[in-house]
Number of protein chains: 2
Amino acid sequence: MNTLSYGLLALLARKRSSGYDLMLRIQPFWQAKHSQIYPLLSRMEEQQLLTAEWVKQTDKPDKKIYAITPLGEQRLHEWMQMPASEPVTRDELVLKAFCLWITDKDTALALFRKRSIFYQEQIHYFEQAIHKMPDESHQFGSQDFGLYILRQKALGTARSNMEWTTWVIDMLKNAAPPEMSSEPQHH
Amino acid sequence: MNTLSYGLLALLARKRSSGYDLMLRIQPFWQAKHSQIYPLLSRMEEQQLLTAEWVKQTDKPDKKIYAITPLGEQRLHEWMQMPASEPVTRDELVLKAFCLWITDKDTALALFRKRSIFYQEQIHYFEQAIHKMPDESHQFGSQDFGLYILRQKALGTARSNMEWTTWVIDMLKNAAPPEMSSEPQHH
DNA sequence: AGTAGCATGTAATGGGTTACATGATTAC
DNA sequence: GTAATCATGTAACCCATTACATGCTACT
């Protein structure tokens with residue numbers, strides 16, 4: 001039972017779904033490919049945490065619908081009683097920032113401008129996602145309260161990071177040019 | 001050549017160091033254990049990206065000092081020209097938040113209070129780390145400029161996340177109690 | 001005598017990505 | 001036709017953690 005399995009249990013506790021659907025729904029919160037999810041679901045079925053059932057479809061390929069069992073729900077409750085382990089972030093830009101000093105201004109600007117677009121897209125996505133949520137989701141007790149606060153967290157972090165990139169880009173733009181330019185700088 | 005190898009090259013471009021030292025210095029930016037770093041350094045030495053030299057010590061055990069080669073520096077420059085891949089965060093609390101609705105208020109409070117302490121410690125660490133940096137590091141061109149902006153980024157994110165936890169904790173405290181309590185709530 | 005920090009390594013295992021593989025339906 | 005989306009699976013490989021293993025010095 002790794003963290004991803006609990007994430008799948010958490011999704012299935014809300015509603016029975018196919019592996020494909022779970023794969024799509026877990027993406028914003030925990031990246032995982034279908035090749036990791038399908039075998040995990042099989043193992044969880046063996047362990048009696050889930051039950052599976054084939055559902056025929058006429059418009060689309062048939063699918064296997066998983067549902068959480070009472071044992072699965074019990075495990076989920078036990079997991080919720082344990083403290084959450086510390087978050088881990090892997091960001092290549094962080095390592096690149098570490099050797100900015102061996103690069104020129106334009107290379108640095110390209111890196112941060114690209115990341116800036118990424119954060120801007122995140123802000124836009126989470127803003128509209130929060131906007132579309134009903135007011136009930138703002139209350140503890142609502143099934144979507146967790147989703148609501150997670151989107152608020154993601155939005156806050158994206159905004160903070162966005163401000164950081166614009167701050168860095170401004171510093172880079174106002175930095176002295178490398179050499180041979182006798183042109184005056186306007187800042 | 002994976003991302004971690006470039007991180008090690010980046011550190012070695014600043015100053016020659018032992019594997020043990022690299023392991024400690026890379027922690028704040030990319031988590032990796034010594035068992036991953038030592039074999040990587042050996043392979044990078046084989047690929048002529050690094051050179052190694054044993055240095056004798058009297059007070060502490062002898063150590064193997066690695067230095068970057070011109071080929072290593074070339075690879076580092078090539079890597080800097082490529083856009084940084086998107087950041088990935090894995091946070092168990094995110095998945096737990098997703099099934100807050102199956103839990104009680106106290107379990108939820110315990111989770112967020114613990115995380116709140118974590119962010120508070122991060123804020124404290126990065127504040128003092130930034131405070132100790134010399135003014136030169138605030139300028140592009142300084143060798144420590146990258147470190148400076150990374151710490152600012154980490155501080156901003158930690159503050160944003162800290163505000164988020166206090167916001168969530170307040171909502172939880174003001175939420176209606178589960179049942180059977182006829183005691184008046186004071187908020 | 002025991003613990004903590006410095007220092008280096010390997011082995012086993014688990015987590016995660018990429019690639020391989022198949023096949024249905026719908027829309028252009 | 002062919003691309004896109006839905007749908008499920010396996011195999012190979014790489015990345016990362018835990019555990020195993022050793023040994024020095026300094027401090028209590």
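Letters A, B, ... are given to chains in the order of the sequence lines, protein chains preceding strands, and every chain is numbered from 1.
- Across the protein-nucleic acid pair, B:Ile37 atom CD1 and C:dA7 atom C1' stand 13 Å apart, rounded to whole Å.
- Looking at the side chain of B:Tyr20, the nearest of the listed nucleotides C:dT8, C:dG23, D:dT10 is C:dT8.
- A straight line from OH of A:Tyr38 to P of C:dT22 spans 17 Å, rounded to a whole angstrom.
- Atom CG in A:Leu40 sits roughly 9 Å away from atom P in C:dG16 (whole-Å rounding).
- Nearest to the side-chain atoms of A:Trp30 among the listed nucleotides C:dG16, C:dT10, C:dT18 stands C:dG16.
- Salt bridge annotation for A:Arg14-A:Asp144: present, with a cationic side-chain nitrogen under 4.0 angstrom from a carboxylate oxygen.
- The interatomic distance linking A:Leu24 (CG) with D:dA7 (C1') rounds to 10 Å, in whole Å.
- Between the NZ atom of B:Lys64 and the P atom of D:dG23 there is a distance of 17 Å, rounded to whole Å.
- Remark on DNA chain C: of its neighbouring residues B:Pro39 and B:Arg90, the 5'-side contact belongs to B:Pro39, judged by nearest-heavy-atom nucleotide.
- Remark on DNA chain D: of its neighbouring residues A:Lys60 and A:Ser42, the 5'-side contact belongs to A:Lys60, judged by nearest-heavy-atom nucleotide.
- Of the listed nucleotides (D:dT18, D:dT8, C:dA7), D:dT18 has the atom at the smallest distance from the side chain of B:Lys33.
- Atom-to-atom distance recorded for B:Leu109:CG and B:Thr103:OG1 is 11.5 Å, nearest 0.5 angstrom.
- In the set D:dA26, C:dA19, D:dA19, the nucleotide with an atom closest to the side chain of B:Ser35 is D:dA19.
- Evaluation of atom-type donor-acceptor distances gives no pair under 3.5 Å for the side chain of B:Ser18 against the base of C:dT8.
- Residues B:Arg115 and B:Asp91 are paired through a salt bridge, judged by an N-O separation under 4.0 Å between the basic side chain and the carboxylate.
- Put simply, CD on A:Glu86 is 18 Å from P on D:dA16, counting in whole angstrom units.
- Put simply, the side chain of A:Thr58 and the base of C:dT25 share no donor and acceptor less than 3.5 Å apart.
- No donor-acceptor pair under 3.5 Å is formed between the side chain of A:His138 and the backbone N or O of A:Met133.
- Of the two residues near DNA chain C, B:Trp54 and A:Arg43, the one whose nearest nucleotide lies more 5' is B:Trp54.
- Computed from coordinates, the B:Gln31 CD to D:dC15 C1' distance equals 14 Å when rounded to whole Å.
- Side-chain N/O atoms of B:Gln36 include one lying less than 4.0 angstrom from OP1 or OP2 on D:dA16.
- Ring to ring, A:Phe112 and A:Trp164 are close: their centroids are under 6.0 angstrom apart.
- Of the candidate nucleotides D:dA7, D:dC15, D:dG23, D:dA7 has the atom lying nearest to any side-chain atom of A:Lys63.
- Following rounding to the nearest Å, A:Leu4 (CG) and D:dT17 (P) show an atom-to-atom distance of 17 Å.
- In the set C:dG23, C:dT26, C:dA7, C:dA7 carries the atom at the smallest distance from any side-chain atom of B:Gln57.
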